[in-house]
Amino acid sequence: MSVRVRFAPSPTGYLHIGAARSALFNWLYAKKTGGKFLLRIEDTDLQRSTDESTRSIIDGLEWLGLSYDEELVFQSANADKHRAAANKLVAEGKAYRDFTPKAERNDATVKQGIADRARAHAAEGVDHRSNPFRDLAGEESDKRAAAGEPFAVRLKIASDGKTHFDDMVYGPQEREYSEIEDLVLLRSDGHPLYNLSVVIDDIEMGITHVIRGQDHLTNTHKQILLYQALGARLPHFAHLPLILAPNKGKLSKRKHGEVVSLTTYRDRGFVPAAFRNFLALLGWSPAEGKEVLSVDELIAEFSLEHIHRSPAVFNFQENDPRHWTDEKALWMNAEYIRTMPVDDLLPMIKAELRANKLWREEYDEDDHDWFVSAVQVIRQRFHTLKDFSAQGRAYFSDDFDFDEAAVNKNLRKEPKLKELLPGLADHLEKLDPFNHDTAEAALRGFAEESGVKAGLLINGSRTMLTGQAVGPSMFEVFAILGQKRSVERLRSGVPWFDAMNAVGDV
RNA sequence: GGCGCAUUGGUGUAGUUGGUUAACACGCUGCCCUCUCAAGGCAGAGAUCACGGGUUCGAGUCCCGUAUGCGCUACCA
């Protein structure tokens, strides 16, 4: 039987990186086994589900390159099937109507409420099979239902025995029935609940392997009971270790903000392949040590056996712009930016420049070769796509900012540069041809005849031409910017002439 | 409260029939390269493998206990 896996997020917000990783692992498993990867939106919680969120999930998967097979399934569309299944279980005596009035719960205190109730039950000796309606006669139950009395439907779980399954990641698991309450399948308003819906939908969609977060590990036992009650064949289960915050707590948007949202990485200039690669390494590692892996390599290397069981910490420092997300993710992105095939990178840079009004159509036409060579040079030290429009701005526009510290360090510190730089411009202007080597010879010659170190002119030029203190080799910069712009910028004197006497504001 | 899962340097991980100085990547430090910053090369710091017992000639690897963290326990998903 061929593999069918699914990613089943609930559309109650942005796509969380933990969920994105689940999607990735499901997708990789499908590709690895030649199976199908399906997407199901679990929107049964109507109050909290939004179209916007669904949109962002789909966009996020697309951005990561995780395309799904077959039609997108909305769980809410199957509600009737879920209800029918529950009613069938009632008719078969495998589930029962519970006429106990619904207890109101406050979302904020549920966890505490659960613990309190459990403690109280233990103290009073109340067990999970003590529901008074559990063994209500069928006729009586039908009569009360027909009379319009509200009821929830609960699965009737046997008093003795245990469920077990062999998790593909966590190994053999078992749980006593006595630990499991008769779970509610249908709310008293007829609304099907999560455990019922997933099981029915997974059966319906022919899912063979359920790969999801470890937070569902213990729920699996309840779902197995449902599969059995429904007489359905069990899928294989594989649970994934959770991704935690640096303090080993839960990673949540509430507490940690946008670092946990996949779209943040897109918006902050990540190359999708780089982030996908990084995500793949959270909780899984390839058999061989190699960590930078193309999609094809990921697929070839991927196996559930190499997923490990302890939770992974997603390392980042809040309030520190330099370490706003995991350093390894940042490194991975830089690695991709400087080493990936330039043709794959170009469209992303184009989009970035376009968004900042720095794109010119000539870059696709007459100036294409120039554009490629400029990218080849500057991408070497960039970390995100954003850098192309920020630090890289001077390569694409004459309107760029000067870094204050760079101006102080490379220009203001040596007043002689006020004359030297225009002097250098005069020499460069005469060059024919103008290129890396001739520019270097001219600069070094001029430095010697002026009695100054070449480095002084080089660093001064860097700041005059790019506004920055750091960047590629200066002669490469001259070559990229070309003779005309190099000469103009050397003569412009903008950032420091005026500021020398004045207040220092550029 | 109960049940479950986990615990290897700061982080991600390797180590899966128990057997040399616990390996790799990111990060960090230093040196080289050099016009700056990266990249790259070289060198280095950093782990009594959560803790305590036990089994064994020998344990990160097996067993028991403890602690800590996380998850589940709901007419949430």
Side-chain angles (χ1 to χ4, degrees), chain A residues 8-10 12 42 44-45 48-49 98 100-105 107 110-111 113-123 150-154 170 173-176 178-181 183-189 191 193-195 197-198 213-222 239 241-242 244 246-250 278 281-292 305-306 308-316 323 326-332 334-335 338-339 380-383 406 409-410 440 443 453-463 468-475:
Chain A
S10 54
T12 53
E42 306 216 321
T44 56
D45 187 341
R48 292 197 293 157
S49 300
D98 180 359
T100 310
K102 181 183 174 183
E104 292 301 332
R105 274 184 213 288
D107 257 16
V110 262
K111 297 278 178 195
I114 290 162
D116 291 346
R117 193 175 70 125
R119 216 164 307 159
H121 280 190
F151 59 88
V153 173
R154 308 187 92 114
Y170 285 88
Q173 303 290 318
E174 62 174 38
R175 197 159 192 215
E176 296 283 346
S178 61
E179 294 296 331
I180 310 174
E181 195 170 14
L183 60 143
V184 173
L185 269 20
L186 246 38
R187 260 198 235 161
S188 48
D189 61 4
H191 185 90
L193 255 20
Y194 173 74
N195 283 304
S197 299
V198 236
Q214 193 250 29
D215 46 345
H216 288 293
L217 189 63
T218 44
N219 279 330
T220 304
H221 293 97
K222 298 184 204 168
H239 288 86
L242 263 21
L244 269 26
N247 66 357
K248 303 200 193 287
K250 195 171 178 171
F278 169 75
L281 263 19
L282 242 32
W284 171 80
S285 63
E288 290 173 42
K290 192 179 171 194
E291 293 193 329
V292 180
E305 287 71 42
H306 277 90
H308 85 159
R309 297 185 282 271
S310 53
V313 171
F314 188 67
N315 200 22
F316 60 92
H323 305 106
D326 198 295
E327 302 228 27
K328 195 157 180 173
L330 253 13
W331 168 81
M332 187 69 81
E335 177 73 16
R338 72 175 165 260
T339 63
Q380 297 304 325
R381 58 211 80 205
F382 283 174
H383 287 76
K409 180 168 173 250
N410 290 340
E440 174 161 15
L443 184 144
K453 285 185 175 175
L456 183 71
L457 296 179
I458 288 171
N459 289 326
S461 297
R462 176 174 291 111
T463 300
Q468 302 188 335
V470 301
S473 159
M474 197 53 220
F475 306 111

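Since this is a predicted model, take the numbers as computed values, not measurements. Labels below follow one simple rule: chain letters A, B, ... track the order of the sequence lines, proteins then strands, and each chain is numbered from 1.
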Select from A:Q173 and A:A122 the residue whose nearest nucleotide in RNA chain B is closer to the 5' end of that strand.
A:A122
If you pin A:G289 and A:A103 to their nearest nucleotides in RNA chain B, which one's is more 5'?
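Mapping each residue to its closest nucleotide by heavy atoms, the 5'-most match is A:G289.
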Can you tabulate the close N/O pairs, meaning under 3.5 Å, that link protein atoms to atoms of nucleotides 71-73 of chain B?
residue	atom	partner	partner atom	Å
B:G71	O2'	A:D215	O	3.3
B:C72	OP2	A:K111	NZ	3.3
B:C72	O4'	A:T218	OG1	3.2
B:C72	O3'	A:N219	OD1	3.4
B:C72	O2'	A:T218	OG1	3.1

Any base atoms under 4.0 Å from [X], or only sugar-phosphate, or nothing? Heavy atoms, all strands.
| X | result |
| --- | --- |
| A:P150 | nothing |
| A:V110 | base |
| A:G471 | base |

Measure from the side chain of [X], starting at C-beta and using heavy atoms only, and say which of [options] lies closest.
| X | options | answer |
| --- | --- | --- |
| A:Y170 | B:C5, B:C26, B:U36 | B:C5 |
| A:S473 | B:C37, B:C35, B:A77 | B:C35 |
| A:E327 | B:G4, B:C26, B:C35 | B:C26 |

Identify the pairs formed between an N or O of the protein and an N or O of nucleotides 38-45 of chain B at a distance under 3.5 Å, and give each distance.
none

Whole-Å distance between [N] [atom2] and [X] [atom1]?
| X | N | atom1 | atom2 | answer |
| --- | --- | --- | --- | --- |
| A:E176 | B:C3 | CD | C1' | 10 Å |
| A:E174 | B:C5 | CD | C1' | 14 Å |
| A:H221 | B:G2 | NE2 | C1' | 15 Å |
| A:H239 | B:C70 | NE2 | C1' | 15 Å |

In Watson-Crick or G-U wobble terms, both distances under 3.5 Å, what is the partner of [N]?
| N | value |
| --- | --- |
| B:G4 | B:C70 |
| B:G9 | none |
| B:C51 | B:G65 |
| B:A43 | B:U29 |

Quick one: ring-ring contact (aromatic ring centres under 6.0 Å, His included) partners of A:Y170, sequence neighbours excluded?
none
Applying ring-ring contact (aromatic ring centres under 6.0 Å, His included), can you list everything that pairs with A:H216, at least two apart in sequence or on another chain?
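For A:H216, the residues satisfying ring-ring contact (aromatic ring centres under 6.0 Å, His included) (neighbours in sequence not counted) are A:Y194.
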Residues that A:R462 engages under salt bridge (charged side-chain N to carboxylate O under 4.0 Å, His left out), provided they are two or more places apart
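A:R462: no salt bridge (charged side-chain N to carboxylate O under 4.0 Å, His left out) contacts found.
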Would you please name every residue forming a salt bridge (charged side-chain N to carboxylate O under 4.0 Å, His left out) with A:K290, sequence neighbours left out?
A:E297
Any residue meeting side chain to side chain contact (heavy atoms under 4.5 Å, CB included) with A:E179, in chain and number order, not counting sequence neighbours:
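Scan of A:E179 (side chain to side chain contact (heavy atoms under 4.5 Å, CB included), adjacent residues dropped) gives A:R175, A:E176.
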Among all residues two or more places apart in sequence or in another chain, which pass the side chain to side chain contact (heavy atoms under 4.5 Å, CB included) test with A:S473?
A:H436, A:F475, A:E476
Under the side-chain hydrogen bond (donor to acceptor under 3.5 Å, both in side chains) rule, collect the residues that match up with A:D326, sequence neighbours excluded.
none
So, using side-chain hydrogen bond (donor to acceptor under 3.5 Å, both in side chains) as the criterion, who are the partners of A:D45 when residues are at least two apart?
A:R48
Atom pairs, protein N/O to nucleotides 10-17 of chain B N/O, distance under 3.5 Å:
residue	atom	partner	partner atom	Å
B:U11	O4'	A:N315	ND2	3.4
B:G12	OP1	A:V313	N	2.6
B:G12	O2'	A:L281	O	2.9
B:G12	N2	A:E291	OE2	3.2
B:U13	OP1	A:G283	N	2.1
B:U13	OP2	A:H308	NE2	3.2
B:U13	O3'	A:S285	OG	3.1
B:U13	O2'	A:S285	OG	3.4
B:A14	OP1	A:S285	OG	3.2
B:A14	OP2	A:H308	ND1	3.0

Are OP1 or OP2 of B:A77 and a side-chain N or O of A:T44 less than 4.0 angstrom apart?
yes
Which protein N or O atoms sit under 3.5 Å from an N or O of nucleotides 60-63 of chain B?
none

If you go through the side-chain atoms of A:R462, does one of them form a donor-acceptor pair with the base of B:C35 closer than 3.5 Å?
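Such a pair is found, so the answer is yes.
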Nearest-Å distance once atom P is located in both B:U11 and B:C49
16 Å
If only atom types and distance count, is the side chain of [X] paired as donor or acceptor with the main-chain N or O of [Y] below 3.5 Å?
| X | Y | answer |
| --- | --- | --- |
| A:T12 | A:S49 | no |
| A:H323 | A:N315 | no |
| A:R187 | A:L193 | no |

